[in-house]
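Every chain is numbered from 1, with letters handed out A, B, ... down the list of sequences.
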Amino acid sequence: MQSHYDPQTIELKWQKFWEDQKLFAAKEDSKKEKYYCLEMLPYPSGRIHMGHVRNYTIGDVVARFKRMQGLNVLHPMGWDAFGLPAENAAIKNKIHPAKWTYENIDTMRTQLKRMGFSYDWEREFATCDPEYYRWEQFLFIKMFEKGLAYRKEKLLNWCEGCQTVLANEQVEQGKCWRCSTPVMQKPMEQWFFKITDYAEELLKDIDGKLQGWPERVRTMQKEWIGKSEGASIRFKIENVESAIEVFTTRPDTLYGVTFMSLACEHPLLMKLAKMGGREKEVRKFVEKTLKMERMKRLTGEYEKEGEFTGSYCLHPVTGEKLPVYAANFVLMDYGTGAVMAVPAHDERDFAFAKKYKLPIKEMEPDLNAIDIIEKQGVGNKTIQFKLKDWCLSRQRYWGAPIPILYCDACGTVPVPEKDLPVKLPIDVPFTGEGGSPLSKDKNFMDVKCPSCGKKARRETDTMDTFVESSWYLLRYCSPKYEKGMVDPKAVHYWMPINQYIGGIEHAVGHLIYCRFFTKVMRDLGMIKLDEPVKNLLTQGMVCLGGSAMSKSKGNVVDPDEIINHYGADTARIFILFAAPPEKDLEWNDEAVEGMYRFLNRVWRLVVETKQSSAEMKNEEADRWKNKTIKRVTEDIEKFQFNTALSGLMEYLNSGAVDLETFVILLSPFAPHLAEELWERLGHKKSLLLEPWPKWDEKMLVASTMTIVVQVNGKLRGEMELPVNADEEAIKKQALGLEKVKSYVGDRQIVKMIYVSKKLVNIVVRDS
RNA sequence: GCCCGGGUGGUGGAAUGGUUUACACACAGGACUUAAAAUCCUGCGGGCCUAAACAGCCCUUGCCGGUUCGAGUCCGGCCCCGGGCACCA
């Protein structure tokens with residue numbers, strides 16, 4: 001047995017031991033309380049980075065801690081394996097996306113195992129596995145049948161040069177990333193999930209059921225859903241049987257309306273311009289606006305302008321004539337694309353009115369206006385959401401195929417369930433040009449229509465990878481289940497997730513989509529669950545030199561370097577100690593060294609002294625032990641791993657260490673070292689089977705206490721007294737202190753404050 | 001503009017209204033060593049006083065005020081940093 005701390009040897013030894021013993025395999029057991037601890041699954045980009053290390057170390061501490069507390073812990077890991085980078089690698093390096101992905105998974109799995117994370121590897125899956133995405137296709141069909149998956153037109157980034165659709169990240173300064181052709185907006189039929197049907201419930205449950213989520217994330221989701229209550233009101237157009245419908249949150253300002261503003265894309269705009277004899281001017285304005293919009297709409301800063309259509313609409317109550325304008329600040333994709341302008345109450349309308357010399361009508365808001373409108377049948381109360389339906393189709397190869405066929409006779413036909421999965425063909429050409437590689441695969445494309453038997457063709461779009469990550473958390477409960485997406489019994493036992501841990505960047509994307517999917521699956525009768533995640537922790541970034549570690553900035557520290565140099569335990573401890581989990585963490589090589597030194601001190605203490613707890617029985621040692629158990633336990637529960645480790649350091653420095661207790665308390669943080677030391681202390685069974693220690697409140701109290709003495713709130717002395725000293729005696733002794741006397745002098749003592757077992761404050765007044 | 005966080009030593013960071021600066025890093029001095037590394041010990045917010053040390057005093061949690069016997073912590077106002085939302089009708 002080596003006498004110095006050699007992390008390389010002991011870490012591999014214990015990793016193998018854990019794997020052989022299958023100590024992290026989770027089994028349903030209705031007699032045991034369960035705990036589902038999950039970290040967001042990684043995209044297999046190539047190698048593990050420090051962000052992963054941080055995320056998964058936090059999760060691992062929680063999982064190991066809960067396991068030792070006797071809970072039945074589910075702690076799985078898998079791979080978010082579809083996505084654009086694999087396809088880019090295919091185009092660039094002539095390597096198949098599947099090969100690239102699976103090789104990366106192998107590398108990263110090895111790296112995760114080297115960190116000693118306590119995953120149930122038997123539940124591992126990659127989302128690009130047809131056995132996984134078949135169920136996603138199954139769900140898609142169910143959603144299609146319920147009208148929750150539908151098609152509509154949407155503008156997409158289109159490169160004429162490559163004849164292909166580009167993702168936003170493939171557009172660089174308005175140009176194609178590959179061929180630099182200017183990117184145009186082209187309307188195309190896309191698949192959408194009707195998440196807006198669930199807007200109200202998604203919003204309501206934030207307050208009702210997500211109490212365990214950070215306030216920050218809850219607020220972001222509320223803003224994303226963006227509910228506003230108001231009214232929709234129809235304004236008749238003068239001389240025609242047609243009306244402009246507006247949405248307003250202020251129907252009470254209806255009598256202040258002096259004109260109407262329409263978005264450039266509004267379907268009635270050109271008709272009104274033609275009628276008003278201002279077609280040319282309006283067309284020019286629209287063209288100018290749409291061109292400018294592309295550049296500036298993202299930044300938002302531009303002059304508010306408009307153009308008169310020459311036409312008028314009529315006020316629904318007073319019948320007044322109101323000029324209709326095209327305006328560049330009105331958005332077609334919010335509300336109705338038309339705004340009733342109330343310059344007296346809206347800053348923007350006011351500025352617009354000034355600019356175009358439109359009337360400004362002062363008035364008192366009238367809360368009855370909405371009732372009048374409803375009575376007259378020209379409008380009604382409505383609710384608007386900012387949340388938009390989820391566009392899930394991608395014109396990419398490396399994704400789950402959308403299980404739809406197009407038949408000339410029958411139209412859009414879902415693939416029958418028995419024909420699932422629609423497998424992604426492997427042998428296809430990757431050029432990056434001419435649309436999806438799938439469209440060039442005849443075997444894939446040509447199918448028979450399942451309802452009429454005639455020739456049909458397949459949908460070539462694949463699904464957004466957020467679809468896979470929206471239900472993987474449920475699939476982990478029964479990863480090999482073959483009769484459906486999930487085994488209801490397993491889901492009933494394991495869900496909801498007790499603790500979910502991941503980056504804040506998923507606050508509105510992933511974390512809303514997985515809530516949506518849970519509700520959809522519930523409504524399809526697959527599960528009985530409203531919300532998938534009970535408690536959420538969002539960890540901060542890992543930075544170096546003040547900014548997030550990233551390949552493009554060249555400021556990355558490779559976890560393997562740290563593991564090879566100091567071992568996984570040091571990496572884990574450093575990342576936990578350097579900052580509380582929610583905050584960004586600044587990498588510091590010297591501090592890593594410091595953590596390594598700490599583990600070495602622990603090693604030497606245990607290996608060299610080997611004193612057992614029985615030999616160290618005195619009051620001081622007992623107090624330290626109980627104090628530390630309490631502190632570490634409570635700090636882990638609050639995710640304050642940095643202070644939990646401080647507690648262990650202080651305990652180590654105290655010189656009154658109970659070795660067994662110390663090693664157990666250290667084990668969630670530095671599990672390999674802890675197992676090794678546990679064994680060296682003479683234990684035959686794994687430390688993992690050891691229950692988490694409990695503390696005794698009675699043992700926390702010392703026989704003496706330190707009382708701080710203040711005069712007028714300022715520290716003037718200290719006294720060491722037996723804990724049972726009574727208040728009167730303490731006050732008397734405080735007054736007797738030389739230093740206190742000199743501060744009190746002959747001044748009048750107004751009162752004395754005694755804070756039990758802590759301090760005495762003598763309040764004096766100049767006489 | 002609106003809504004959240006946050007501002008504490010040279011640095012990362014601790015502090016149920018009760019000794020500000022735990023723990024660690026860095027730095028400095030010392031011990032051990034032929035020497036170095038490792039290890040161990042000591043010191044380490046600022047200022048005043050002092051030849052220096054000891055002792056002592058004063059100040060200090062972004063700034064200004066308030067509440068309180070007592071404020072990093074609570075309240076009001078302001079400044080700065082970070083994040084989210086934002087022509088949303």
*Asks:* Using a 4.0 Å heavy-atom cut-off, does A:Lys227 contact any base of the nucleic acid, only the sugar-phosphate backbone, or nothing at all?
*Replies:*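 Counting heavy atoms under 4.0 Å across all strands, no contact is made by A:Lys227.
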*Asks:* For A:Phe352 together with A:Tyr325, are the ring centres under 6.0 Å from each other?
*Replies:* yes
*Asks:* Just to be sure I understand the rule, does A:Gly226 reach a base, reach only the sugar-phosphate, or reach nothing, if contact means heavy atoms closer than 4.0 Å?
*Replies:* nothing
*Asks:* Between A:Arg216 and B:G82, is there a contact of a side-chain N or O with OP1 or OP2 at under 4.0 Å?
*Replies:*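 Looking at the OP1 and OP2 atoms of B:G82, neither is under 4.0 Å from any side-chain N or O of A:Arg216.
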*Asks:* Determine whether a donor-acceptor pair (N or O, by modelled atom type, separation under 3.5 Å) exists between the side chain of A:Lys758 and the backbone of A:Ile707.
*Replies:* no
*Asks:* Filter on salt bridge (Lys or Arg N to Asp or Glu O under 4.0 Å), then keep only pairs touching residues 630-652 of chain A, sequence neighbours left out; what's left?
*Replies:*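 For residues 630-652 of chain A, and leaving out neighbouring residues, the salt bridge (Lys or Arg N to Asp or Glu O under 4.0 Å) pairs sorted by first residue read A:Lys630-A:Glu634, A:Lys630-A:Glu697, A:Arg631-A:Asp635, A:Arg631-A:Glu650.
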*Asks:* How would you label the contact of A:Glu590 with the nucleic acid (heavy atoms, under 4.0 Å): base, sugar-phosphate, or nothing?
*Replies:* sugar-phosphate
*Asks:* For A:Arg716 and B:U19, is the shortest distance between a side-chain N/O and OP1 or OP2 below 4.0 Å?
*Replies:*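 It does not, given that no N or O in the side chain of A:Arg716 lies less than 4.0 Å from OP1 or OP2 of B:U19.
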*Asks:* Polar atoms only, N or O, under 3.5 Å: list the protein pairs with nucleotides 71-73 of chain B and their distances.
*Replies:*
none

*Asks:* Using a heavy-atom cut-off of 4.0 Å across all strands, would you classify A:Glu215 as base, sugar-phosphate, or nothing?
*Replies:* nothing
*Asks:* If you write RNA chain B from 5' to 3' in dot-bracket form, with Watson-Crick or G-U pairs under 3.5 Å, [ ] for crossing pairs and | for pairs with another strand, what do you get?
*Replies:* (((((((..(((.....[....))).(((((.......))))).((((.......))))..(((((..]....))))))))))))....
*Asks:* Are any of A:Asn642's side-chain N or O atoms less than 4.0 Å away from OP1 or OP2 of B:A24?
*Replies:* no
